[in-house]
Amino acid sequence: MVSDRALWVRWRDMRDAEAFRALAEAYGGMVYGTALRVLGSPQDAEDVAQECFETLAAAQKAPSAYLGPWLHRVAVNRALNRRRGDMRRRAREAAYHAERG
């Protein structure tokens, strides 16, 4: 069994798609589930999960010794940011409609 760190290094150094796929398969469910619990929307959770793996793919420095907790933290933070952004957008829309209404 290859470690998460070794898989990530293979991705970073050689752009080994199989290594990245192994990481996505290992952690995809956890990342999606975390985002879904925060957001409550399957579509938004899918978007956040994809953003998390895009962040991992673009990372130049090893995220941490333990990839799972790092991905969990990224998923929570991105989901909370999305939820806050949605709340701000809804407040702006309500203010606009109240002003026009």
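Owing to the predicted nature of the structure, the values given are computational and were not obtained by experimental measurement.
- Taking 4.5 Å as the limit, some side-chain heavy atom of Asp47 sits within range of a side-chain heavy atom of Arg82.
- Nearest heavy-atom pair across Leu56 and Pro63 is CD1-CG, 3.7 Å.
- Applying the ring pair (Phe, Tyr, Trp, His ring centres under 6.0 Å) definition to pairs two or more places apart or across chains, none involves residues 55-86.
- No side-chain heavy atom of Val48 sits under 4.5 Å from any side-chain heavy atom of Asp44.
- Annotation: Met87, atom CE; neighbour count of heavy atoms from other residues, nucleotides and ligands within 6.0 Å does not exceed 12.
- Here the shortest heavy-atom pairing between Ser41 and Leu36 reads C-CD1, 3.6 Å.
- Counting only residues at least two apart or on different chains, the salt bridge (charged side-chain N to carboxylate O under 4.0 Å, His left out) pairs with a member in residues 19-29 are Glu18-Arg21.
- Between Leu39 and Ala79, the closest heavy-atom pair is CD2-O, 3.3 Å.
- Under the 4.5 Å side-chain contact rule for hydrophobic residues, Leu67 and Val9 share a cluster.
- Contact record, Met30 with Gly68: CE-O, 3.4 Å, taken as the closest heavy-atom pair.
- Nearest heavy atoms, Ala75 versus Cys52: CA-SG, 3.4 Å.
- Taking the side chain as every heavy atom from C-beta outward, Val74 and Glu51 never approach each other to under 4.5 Å.
- Arg92 and Tyr96 share no donor-acceptor pair across their side chains, judged by distance under 3.5 Å alone.
- Annotation: the span from Asp4 atom CG to Leu71 atom CG amounts to 9.0 Å, rounded to 0.5 Å.
- Residues Gln60 and Arg15 come closest through the heavy atom pair NE2-NH2, 4.1 Å.
- Connection of Val2 to Leu23 is established within a shared hydrophobic cluster, with ILVMFWY side chains joined at heavy-atom distances below 4.5 Å, either directly or through further cluster members.
- The side-chain heavy atoms of Arg83 and Asp86, taken from C-beta on, include no pair separated by under 4.5 Å.
- For the atom pair CZ (Arg78) and CZ (Arg73), the distance works out to 12.5 Å, reported to the nearest 0.5 Å.
- For residues 15-54, the set of pairs meeting the ring pair (Phe, Tyr, Trp, His ring centres under 6.0 Å) definition, not counting sequence neighbours, comprises Trp11-Phe20.
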